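Heads up: the structure comes next, in structure tokens.
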Amino acid sequence: MYTMMQVCRELNMTYQTLKFYCNEGLIPNVKRDGNKRRVFDEKDVKWIKDLTCLKKCGLSIQEMKEYLDLCLAGESTIIPRKEMLAKKQEALRTAIRELEDSIAYIDWKQNFYDEVLAGKRPYVSNLIRTDE
């Protein structure tokens with residue numbers, strides 16, 4: 001069994017986040033020790049790690065609750081879970097493409113500046129008006 005602090009250290013998560021997840025009902029079947037403090041077993045820790053991943057994937061708290069409800073409903077909900085994750089996966093792939101486009105722009109701009117500084121090309125700005 002793990003205390004809240006042990007889980008936080010194990011998963012590199014803040015105490016406040018873990019407490020919030022518990023209070024929001026995102027961690028089902030939370031057990032208490034003799035002093036009424038929350039304690040977690042291995043399965044709980046694995047689920048909390050899953051919650052952390054789901055959060056990093058961009059799921060809102062409400063979506064995490066919906067996903068949890070589907071998981072608790074058992075094997076019959078695998079298809080809707082897969083659909084939910086597929087939508088998030090596509091959103092992440094779109095975000096990656098947008099980030100790659102942004103990086104490509106910065107690479108191009110850096111190369112342009114390098115060439116200007118090296119005297120390989122003239123400096124041209126779309127912002128500075130010149131009489132031509």
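Quantities reported herein were computed from a predicted structural model and do not represent experimental measurements. One-based numbering along the sequence shown.
- With sequence neighbours left out, the side chain to side chain contact (heavy atoms under 4.5 Å, CB included) criterion links Leu99 to no other residue.
- Summarising the geometry of Leu51 relative to Leu26, their closest heavy-atom pair is CD1-O, 3.7 Å, with the distance given to 0.1 Å.
- Taking CD of Glu66 as the reference point, atom CD1 of Ile61 lies at 12.0 Å (rounded to 0.5 Å).
- Closest approach of Met4 to Leu18, counting heavy atoms only: O-CD2, 3.6 Å.
- For the atom pair CD of Gln89 and CD1 of Ile96, the computed distance is 9.5 Å after rounding to the nearest 0.5 Å.
- Summarising the hydrophobic clusters (Ile, Leu, Val, Met, Phe, Trp, Tyr; side-chain heavy atoms under 4.5 Å, direct or chained), the residues clustered with Ile103 are none.
- Two different hydrophobic clusters hold Leu92 and Tyr67 under the rule that ILVMFWY side chains link at heavy-atom gaps under 4.5 Å.
- Applying the side chain to side chain donor-acceptor pair (under 3.5 Å) definition to pairs two or more places apart or across chains, those involving residues 47-62 are Ser60-Glu63.
- Looking at every heavy atom in both residues, Phe40 comes nearest to Val45 through CB-CG2, 4.4 Å.
- In this structure, Tyr123 belongs to a hydrophobic cluster whose other members, linked by side-chain heavy atoms under 4.5 Å apart, are Phe112, Tyr113, Val116, Ile128.
- By the rule that hydrophobic residues join a cluster once side-chain heavy atoms approach within less than 4.5 Å of another member, Ile27 and Leu11 end up as members of one cluster.
- A side-chain N or O of Glu115 and one of Asn111 form a donor-acceptor pair less than 3.5 Å apart.
- Counted within 6.0 Å of CG on Asn12, heavy atoms from surrounding residues, nucleotides or ligands total 12 or fewer; the atom is thus considered open.
- At most 12 non-hydrogen atoms from other residues, nucleotides or ligands lie less than 6.0 angstrom from CZ of Arg129.
- For Glu98, there are no salt bridge (Lys or Arg N to Asp or Glu O under 4.0 Å) partners at least two apart in sequence or on another chain.
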>> The test is salt bridge (Lys or Arg N to Asp or Glu O under 4.0 Å); show your working for Glu100 and Arg93 and say whether it passes.
In response: CA-CA 10 Å; Glu100 287 172 342; Arg93 289 186 196 284; over 6 Å; no

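- Under the 4.0 Å criterion applied to side-chain N and carboxylate O atoms, Lys46 and Glu10 are not assigned as salt-bridge partners.
- Residue pairs satisfying the side chain to side chain donor-acceptor pair (under 3.5 Å) criterion with at least one member in residues 24-37, sequence neighbours excluded, are listed as follows: Glu24-Lys65, Lys31-Asp44, Asp33-Arg37.
- Counting all heavy atoms, side chain and backbone alike, Leu72 lies closest to Pro28 at CD2-CG, 4.2 Å.
- The minimum heavy-atom distance linking Met1 with Gln6 is given by the pair O-OE1, 3.9 Å.
- By the rule that hydrophobic residues join a cluster once side-chain heavy atoms approach within less than 4.5 Å of another member, Tyr21 and Leu59 end up as members of one cluster.
- We find the CE-SG distance between Met64 and Cys53 to be 10.0 Å, quoted to the nearest 0.5 Å.
- The hydrophobic cluster containing Ile78 does not contain Met84, counting ILVMFWY residues as joined when their side-chain heavy atoms lie under 4.5 angstrom apart, directly or transitively.
- Residue Val30 comes nearest to Cys22 through the heavy atom pair CG2-SG, 4.4 Å, listed as atom of the first residue, atom of the second, then distance.
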